[in-house]
Amino acid sequence: MAGTIWSILPPLVAIVLCFITKNVLLSLFLGIFTGGLLLNSFNPLSAFGYSLDKIVGSVADEWNAKLLLFNLIMGAGIAFIWKLGGSKALADWAKTKIKTRRSATVWAWLLGVIVFFNDYINAAIVGNVTRDIFEEHKISKEKLSYILDSTSAPVATFFISDWIAYQLGMIQKGMESANITGISPLSAFLGSIPFNLYCLFTVLFVGIIAITSWDFGPMLKAELRAQKEGKTKRDGAVPMLDVDFELGKPIETKPMILTFVLPIVALIGVTIWGFYYTGAKAGGATLIEKLGNADAATALLWGAFAMMLTGIAIAIGFKLMTISETMKTVLDGFKLMLLACAILVLAWSIGSVTKDVDLSGYVVSLVKEDSSFFLIPPIIFIIGALVSFATGTSWGTMAILTPIAIPIAYKVTGDAWLSVTSMAGVVFAGSIFGDHCSPISDTTVLSSIFSGSDHMDHVNTQIPYALLTAFVALLMYFVYGAFRTSPFILITVGLVLVILLARVLNRYSIKRIDS
């Protein structure tokens, strides 16, 4: 049943059950088990064995193991920031500087744009810096998780980061598949940026919402709940990270802002150094080449470890904790991340299942090479979204689609530059859109973790916003396919449409709530 319409079933079961049951762990496991049934002639015993093998394989994978350890150690770093009074000191400082809800959301958006070198670190840093500020101003956890998610991958895809190194490799593969020469991957990447419409619109839309507060749909309800009832999360929500509950009251004898700043600086500094060091060690003359060769998982792990060690040094150095209290804080920090780590393992596992059932091969087979160029950009965008939504991976989707999309466009148009730049941008946009909406995406999970949001509450409130910017991007791809319009005109027209639709939906949602 691999490579057929049946291959849709495992991720479909997991995603539908996530929305119905709100229980992510059970839903993901049943999706994995469904794949086991399809691949083992519906033998339940063999399916259980297969499911457990997939889970063990996900944990044993070196990249995944490093990311799991990164999360656990990051939890310990967060625990020290909380227990040592760093969060309280930051909240006290914020009261004097950030006096309104608008300034808090705009601050989070700008910080999300500034921290551009890795999507995971973006969510961790911005979440840690702003989580208590949002709580102070009674801004919903859902809003923070949306800002984290929408300024992580969409920002990392544009600036100097491990994402760009990966995308350059995908563009190179696409040009090789189409036998295109004479275009450098770097110039092609720069040319693709204006075509990455979903990411452009999404990053700008976060700023629009932060400035105007034109919320709509489930997000508007969440924000009204936070404002009127003082509840930053709904009753019955299960936060991915509940620092107050897990760690108790912080030490208030010396609530120093340094107990927040120093661990974060250690995290950022060591991670950046780790990117450079591992990349240089692997070889590479330019910065881009070093990034391409960098071991991102190792750099993240080093950064988190430096963050935890800094917390330990402050605790013992200032005699705020005994050695036994320090070790207890480390273990409590690990506990903070157990649910998140369990979800990540199952999300990776179902991604492996979709590869076994050849879901991507089936979806890509639906594209015909004799299609008119008018339809190629929107079709590639939609397929990229579907594959990444079902698999929970934008990078995996890029690897699948880029070597296919560029040759298709080149065959139809005969224009090498147009084919490489436009298709690369469209593939990147569709891959990140689907990944954003998917409850089984690791970046979606991490955004829920560092905002302290219920995971499905984050997914449910983010999807309408993602759909709005994706809808406008899709319209612009149709326009481009028909008229080959300058992408800068598409960006301008699209941004106007995004603003108008946001205002209309905001007014409509307010009227519905009032009635």
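Values below: every heavy atom of this structure, side chains too, minus hydrogens, waters and symmetry copies.
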Please walk me through it: do Val387 and Leu401 pass side chain to side chain contact (heavy atoms under 4.5 Å, CB included)?
CA-CA 9 Å; Val387 172; Leu401 274 186; 5.5 Å; no

Ser150 vs Tyr465, test: side chain to side chain contact (heavy atoms under 4.5 Å, CB included). Steps then yes/no. CA-CA 10 Å; Ser150 299; Tyr465 286 14; over 6 Å; no

* **Criterion side chain to side chain contact (heavy atoms under 4.5 Å, CB included) on Phe471 and Leu501, from CA distance to verdict** => CA-CA 10 Å; Phe471 172 72; Leu501 286 173; 4.3 Å; yes

Would you check, one step at a time, whether the test side chain to side chain contact (heavy atoms under 4.5 Å, CB included) holds for Met74 with Leu267? CA-CA 9 Å; Met74 177 70 73; Leu267 171 68; 3.8 Å; yes

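Side chains of Phe189 and Phe158 form no contact here, defined as non-hydrogen atoms less than 4.5 Å apart. Residues Leu190 and Ile193 have side chains in contact (heavy-atom distance under 4.5 Å, counting atoms from C-beta outward). Taking the side chain as every heavy atom from C-beta outward, Lys233 and Pro239 approach each other to under 4.5 Å. The shortest distance between side-chain heavy atoms of Ser140 and Arg225 falls below 4.5 Å. Residues Tyr480 and Leu197 have side chains not in contact (no heavy-atom distance under 4.5 Å, counting atoms from C-beta outward). Under the 4.5 Å side-chain criterion, counting only non-hydrogen atoms from C-beta, Val203 is in contact with Pro154. Residues Glu142 and Asn460 have side chains not in contact (no heavy-atom distance under 4.5 Å, counting atoms from C-beta outward). Looking at heavy atoms from C-beta onward, Thr105 lies out of side-chain contact with Ile209 at the 4.5 angstrom threshold.
Taken from CZ in Arg101 to CD1 in Ile139, the straight-line distance is 5.0 Å, to the nearest 0.5 Å. For the atom pair CH2 (Trp109) and CG (Leu148), the distance works out to 15.0 Å, reported to the nearest 0.5 Å. To the nearest 0.5 Å, the span separating CG on Leu110 from CH2 on Trp107 amounts to 8.0 Å. Going from atom CD of Gln172 over to atom CD1 of Ile180 covers 10.5 Å, rounded to the nearest 0.5 Å. Atoms CD and CE, on Gln462 and Met219 in that order, are 7.0 Å from each other to the nearest 0.5 Å. Interatomic distance, Phe216 CZ to Arg507 CZ, rounded to the nearest 0.5 Å: 14.5 Å.
A donor atom on one side chain and an acceptor atom on the other are found under 3.5 Å apart for Thr157 and Gln167.
Taking each heavy atom of Ala299 and Phe275 in turn, the nearest pair found is CB-N, 3.5 Å. When all heavy atoms of Leu200 and Pro194 are compared, the closest pair comes out as CD1-O, 3.9 Å. Between Ala108 and Val126, the shortest heavy-atom contact is O-CG1, 3.8 Å. Across all non-hydrogen atoms, the minimal contact from Ile81 to Met307 is CD1-CE, 3.5 Å. In this structure, Ser388 and Ala385 approach most closely via the heavy-atom pair OG-O, 3.2 Å. Looking at every heavy atom in both residues, Thr151 comes nearest to Ile147 through OG1-O, 2.7 Å.
With sequence neighbours left out, the ring-ring contact (aromatic ring centres under 6.0 Å, His included) criterion links Phe201 to no other residue. The side chain to side chain donor-acceptor pair (under 3.5 Å) search around Thr469 returns Thr202, not counting sequence neighbours. Phe478 pairs by the ring-ring contact (aromatic ring centres under 6.0 Å, His included) definition with Phe374, not counting sequence neighbours. Applying the salt bridge (charged side-chain N to carboxylate O under 4.0 Å, His left out) criterion to Lys221, with sequence neighbours excluded, gives no partner residue. For the side chain to side chain contact (heavy atoms under 4.5 Å, CB included) test, residues two or more places apart in sequence or in another chain that qualify with Ala188 are Ile171, Ile183, Val420. Listed by chain and residue number, Asp215, Leu224, Ser509, Ile510, Ile513 satisfy the side chain to side chain contact (heavy atoms under 4.5 Å, CB included) test with Leu220 (two or more places apart in sequence, or in another chain). In this view, Lys231 and Glu229, Asp235 satisfy the salt bridge (charged side-chain N to carboxylate O under 4.0 Å, His left out) rule, not counting sequence neighbours. Annotation: ring-ring contact (aromatic ring centres under 6.0 Å, His included) contacts of Trp417 (sequence neighbours excluded): none. Scanning for ring-ring contact (aromatic ring centres under 6.0 Å, His included) contacts around Phe134 gives an empty result, with sequence neighbours left out.
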Side-chain donor/acceptor pairs under 3.5 Å, residues 341-352, sequence neighbours excluded:
unit_1 : atom_1 : unit_2 : atom_2 : d
Ser349 : OG     : Ser58  : OG     : 2.9
Ser349 : OG     : Val345 : O      : 2.7
Ser352 : OG     : Lys54  : NZ     : 3.1

Please output the side-chain donor-acceptor pairs of residues 484-498 that fall under 3.5 Å, not counting sequence neighbours, one pair per line with the distance.
unit_1 : atom_1 : unit_2 : atom_2 : d
Ser486 : OG     : Phe488 : N      : 3.3
Thr492 : OG1    : Phe488 : O      : 2.9

May I have the list of side-chain donor-acceptor pairs in residues 422-440 shorter than 3.5 Å, sequence neighbours left out?
unit_1 : atom_1 : unit_2 : atom_2 : d
Ser422 : OG     : Leu418 : O      : 2.5
Ser431 : OG     : Val427 : O      : 2.7
Asp435 : OD1    : Ser441 : OG     : 2.9
Asp435 : OD2    : Ser441 : OG     : 3.1
Asp435 : OD2    : Thr443 : OG1    : 2.7
His436 : ND1    : Tyr198 : OH     : 3.0
His436 : NE2    : Asp149 : O      : 2.7
Ser438 : OG     : Phe389 : O      : 2.9
Ser438 : OG     : Ile440 : N      : 3.2

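In Trp302, the CH2 atom is crowded: over 12 heavy atoms of neighbouring residues, nucleotides or ligands sit closer than 6.0 Å. Within a 6.0 Å sphere centred on CZ of Arg512, other residues, nucleotides and ligands contribute 12 heavy atoms or fewer.
A tilted orientation is assigned to the rings of Phe381 and Tyr477, their planes being inclined by 30° to 60°.
Of the possible polar contacts, one joining the Arg131 side chain to the Phe450 backbone as a donor-acceptor pair under 3.5 Å is found.
Of the options Arg234, Lys143, Lys138, Lys141, a salt bridge (Lys or Arg N to Asp or Glu O under 4.0 Å) to Glu223 is made by Lys143 and by none of the others. Considering Ile449, Thr444, Leu144 in turn, Thr444 is the only one that fulfils the side chain to side chain contact (heavy atoms under 4.5 Å, CB included) rule with His458.
The pair Lys66-Glu62 counts as a salt bridge, with a side-chain nitrogen and a carboxylate oxygen less than 4.0 angstrom apart.
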